Amino acid sequence: MIVITDSNIFFSALIRPEGINAQILSERKRIQILVPDYLIEEVYEHIDNLSKRLKKTKKQLKKEFHLLLDDIKILHTESITDENLEKAKQIVKDIDFDDAPFIAFHLQYKHKIWTGDKVLINGLKEKGLDICVTTEELILKRYKKL
């Protein structure tokens, strides 16, 4: 299975390094994880707040983040077609504009988005788009017998 992974999955993994999201990001046995380069920017924007909240240095958090990114394919925003980017912006304009890159990459590559963002999931479903997979759904597919 290949998934485009939302930022909230990485935030969760940084907050709870022993949690299931961190475990899935670290194992990657049956899952190929793709992330937009935008995700790196978004995580870095919140490093200060995470550092204070978790009582870790920014350097520690950046190191943990880059360990999570190890061997993950990073998709470059420049590779999104203008058409897919515009469609994505229209789709998320009344949900969360910051999710446009994830939607655009879904439109481009047709892989589901791994997210825990219920607002995004429900907003997309209201528009008839069942393009997300939750951690719980991913676990079921991950442990399914081959």
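Just so you know, residue 1 is the first one in the sequence shown, and it goes up from there. Just so it is clear, the structure is predicted and the values come from calculations on it, not from any experiment.
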Test your reading of the model: is there a side-chain donor-acceptor pair from H111 to the backbone of I4, 3.5 Å cut-off? no

Side-chain (E137) to main-chain (T134) donor-acceptor, under 3.5 angstrom: yes

Determine whether [X] and [Y] make a side-chain contact, defined as any pair of heavy atoms from C-beta on separated by less than 4.5 Å.
| X | Y | answer |
| --- | --- | --- |
| V92 | F102 | no |
| K89 | E86 | yes |
| D98 | Y38 | yes |

For [X], is the [atom1] atom crowded, meaning more than 12 foreign heavy atoms sit under 6.0 Å from it?
| X | atom1 | result |
| --- | --- | --- |
| D82 | CG | no |
| K110 | NZ | yes |
| K127 | NZ | yes |

With sequence neighbours left out, the residues meeting ring pair (Phe, Tyr, Trp, His ring centres under 6.0 Å) with F65 are F10

Can you list the steps and then say if L107 with T81 is a side chain to side chain contact (heavy atoms under 4.5 Å, CB included)? CA-CA 10 Å; L107 295 170; T81 65; over 6 Å; no

Verify whether one side chain among D48 and S51 offers a donor that lies under 3.5 Å from an acceptor in the other. no

Return yes if a side-chain donor-acceptor contact under 3.5 Å exists between K63 and Q60, otherwise no. no

Assess whether side chain to side chain contact (heavy atoms under 4.5 Å, CB included) is satisfied between V3 and M1, documenting all intermediate values. CA-CA 7 Å; V3 292; M1 171 178 239; 4.0 Å; yes

Closest heavy-atom pair and its distance - [X], [Y]:
| X | Y | value |
| --- | --- | --- |
| L138 | V133 | N-CG2, 3.9 Å |
| A100 | A88 | O-CB, 3.4 Å |
| E42 | H46 | O-CD2, 3.0 Å |
| K112 | D130 | NZ-O, 3.3 Å |

For a side chain to side chain contact (heavy atoms under 4.5 Å, CB included) check, start with the C-alpha distance between W114 and C132, then their side-chain angles and the critical distance, and finish with the verdict. CA-CA 6 Å; W114 175 23; C132 296; over 6 Å; no

When clusters are formed by joining ILVMFWY residues with side-chain heavy atoms under 4.5 Å apart, either directly or through shared neighbours, do I9 and I121 land in the same one? no

To the nearest 0.5 Å, tell me how far [X] [atom1] sits from [Y] [atom2].
| X | Y | atom1 | atom2 | value |
| --- | --- | --- | --- | --- |
| S26 | D71 | OG | CG | 11.0 Å |
| K87 | N84 | NZ | CG | 5.5 Å |
| L50 | K52 | CG | NZ | 11.0 Å |
| E83 | Q108 | CD | CD | 9.5 Å |
| K58 | I47 | NZ | CD1 | 9.5 Å |
| L54 | L61 | CG | CG | 6.0 Å |

Taking only residues two or more places apart in sequence, or in another chain, which ones meet D117 in a side-chain contact (heavy atoms from CB on, under 4.5 Å)? D6, N8, D99, T115, V119, L120

Tabulate below the donor-acceptor pairs under 3.5 Å that side-chain atoms of residues 72-80 make, not counting sequence neighbours, or state none.
| unit_1 | atom_1 | unit_2 | atom_2 | d |
| --- | --- | --- | --- | --- |
| T77 | OG1 | D37 | OD1 | 2.3 |
| S79 | OG | H76 | O | 2.6 |

Stepwise side chain to side chain contact (heavy atoms under 4.5 Å, CB included) check, L34 with F105: CA-CA 9 Å; L34 310 175; F105 278 116; over 6 Å; no

Could you tell me whether R16 and E18 have a side-chain N and a carboxylate O separated by less than 4.0 Å? yes

